[in-house]
Amino acid sequence: MKIIEIENGIKIENLEDFEPKHIFECGQCFRWNKQKDESYIGVYNSKVLKVYKKDNDVYFMNTNKDDFENIWAEYFDLDTDYKKLKSDLANMDEYLKKSVEFGHGLRILKQDIYEMMISFIISARNSIPNIKKTVERICEKYGQKIEEFEGKTYYAFPKPKDLAVITEEELKECKTSFRTKYIINTSKKIIEESLKLEELKELNDINLEDKLRAFDGIGPKVSNCIMLFAFYRKNAFPVDVWVKRVMEEFYLDEDMSLNKMKDYGMKLFNPYAGFAQQYLFYYARELGIGKKK
DNA sequence: TGTCAGGTCCTCA
DNA sequence: TGAGGACCTGAC
């Protein structure tokens with residue numbers, strides 16, 4: 001991978017397996033927004049980045065070589081060989097083959113732990129546009145201002161200490177509704193127990209899931225999303241309404257509880273259940289598979 | 001007006 | 001274990 005420095009950014013020529021639309025619209029992140037010129041602007045680690053693809057080259061703007069190498073290469077999982085991964089998945093069965101072809105430029109982002117915890121708590125019984133709006137309101141109200149970029153002010157995601165000290169009434173102004181107490185309780189637990197979220201990376205999958213589910217508002221689905229998108233646990237398998245639909249449409253003849261479906265998926269797609277889930281989710285949601293007419 | 005959206009929690013059998 | 005209801009809000 002050759003990093004070419006350009007004015008206010010860097011360019012990577014012939015970057016394969018990288019489609020901004022697939023990456024940012026597969027439901028794994030809530031802070032990346034499509035611009036009029038088809039580029040995406042997002043925030044991570046108190047940095048604002050603009051990404052777009054032109055021919056086979058990918059441009060990362062408002063950054064520099066140092067930040068790209070130290071922050072963004074890791075964030076975009078650029079060290080992983082997606083060609084091999086996709087080939088392994090495509091060989092498992094015909095539905096995965098179709099899903100992988102459909103979302104060929106998808107990558108799993110390595111995102112912030114606390115941000116994923118709160119964002120996916122908000123995702124419960126909610127729609128993606130609403131989740132994004134709510135997350136944005138929280139950042140504007142409680143996050144640190146980063147910078148003005150292309151006419152918009154960007155804010156970092158707040159820290160646990162910021163949301164642990166506010167009242168439910170106050171947070172509700174961000175339209176967090178019945179999830180308000182979950183957000184505050186989870187933030188309080190982190191502060192009161194002096195938890196270092198980074199240290200949870202040492203835990204194995206089973207203990208990590210137990211630890212996450214001890215937080216208010218984090219159940220089986222949300223914990224697995226956090227494991228996949230913040231801890232990069234390749235075999236986590238979040239079962240949401242779309243994965244349920246695609247599993248029932250393609251893989252199951254019998255009724256199955258969500259819990260059993262999770263175990264079933266993890267065994268079926270081992271050791272890449274998380275990746276399989278993401279390709280299947282994107283395929284199912286974009287095509288409306290299994291959705292009631 | 002009713003239904004549904006990337007669920008979780010609580011209660012009860 | 002797991003089934004069933006409640007839960008905010010916004011969009012269609």
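In what follows, chains carry the letters A, B, and so on, assigned in the order in which the sequence lines appear, proteins first and then strands, with residues in each chain numbered from 1.
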Test side-chain contact (heavy atoms from CB on, under 4.5 Å) applied to Leu258(A) - qualifying residues, sequence neighbours left out = Val239(A), Lys244(A)

Assign Lys172(A) to base, sugar-phosphate, or nothing according to its heavy-atom contacts below 4.0 angstrom with the strands shown.
-> nothing

With the sugar-phosphate defined as primed atoms, P, OP1 and OP2, and the base as all remaining atoms, what B/S/- string results for nucleotides 7-13 of chain B, 5' to 3', for protein heavy atoms under 4.0 Å?
-> BSS----

For Arg233(A), side-chain hydrogen bond (donor to acceptor under 3.5 Å, both in side chains) partners two or more places apart | Asp205(A)

At under 4.0 Å between heavy atoms, what does Arg179(A) touch on the DNA or RNA strands: base, sugar-phosphate, or nothing?
-> base

Consecutive Watson-Crick or G-U pairs in runs of at least 3, all under 3.5 Å, in which DNA chain B is involved = B:2-5 with C:9-12, B:7-13 with C:1-7

Quick note, side-chain hydrogen bond (donor to acceptor under 3.5 Å, both in side chains) partners involving residues 179-195 of chain A, not counting sequence neighbours, are Tyr114(A)-Ser187(A), Thr176(A)-Thr180(A), Ser177(A)-Arg179(A), Asn185(A)-Asp216(A), Lys189(A)-Glu193(A)

Name all residues meeting the salt bridge (Lys or Arg N to Asp or Glu O under 4.0 Å) criterion together with Lys86(A); count only those two or more places apart in sequence or in a different chain, and write none if there are none.
-> Asp17(A)

Which side-chain hydrogen bond (donor to acceptor under 3.5 Å, both in side chains) pairs, counting each pair once, include a residue from residues 161-170 of chain A, with sequence neighbours left out?
-> Tyr142(A)-Glu170(A)

Residue set satisfying side-chain hydrogen bond (donor to acceptor under 3.5 Å, both in side chains) with Thr153(A), at least two apart, ordered chain then number -> Glu148(A)

Listed partners of Lys84(A) passing side-chain contact (heavy atoms from CB on, under 4.5 Å), at least two apart = Asp81(A), Asp88(A)

Which residue pairs satisfy the side-chain hydrogen bond (donor to acceptor under 3.5 Å, both in side chains) criterion with at least one member in residues 260-280 of chain A, sequence neighbours excluded?
-> Glu209(A)-Lys262(A)

side-chain hydrogen bond (donor to acceptor under 3.5 Å, both in side chains) partners for Glu286(A), two or more places apart = none

Go through DNA chain C in 5' to 3' direction and return only the first and the last nucleotide with some atom under 4.0 Å of chain A's heavy atoms.
-> dG2(C) to dA11(C)

Tyr82(A) ring centre to Arg107(A) NZ or CZ under 6.0 Å, with the angle to the axis within 45°?
-> yes

Contact class for Lys181(A) (heavy atom, under 4.0 Å): base, sugar-phosphate, or nothing?
-> nothing

Arg245(A) side chain N/O closer than 4.0 Å to the phosphate oxygens (OP1, OP2) of dA5(B)?
-> yes

P spacing across the pair dT11(B) / dC8(C), given as an integer number of angstrom = 16 Å

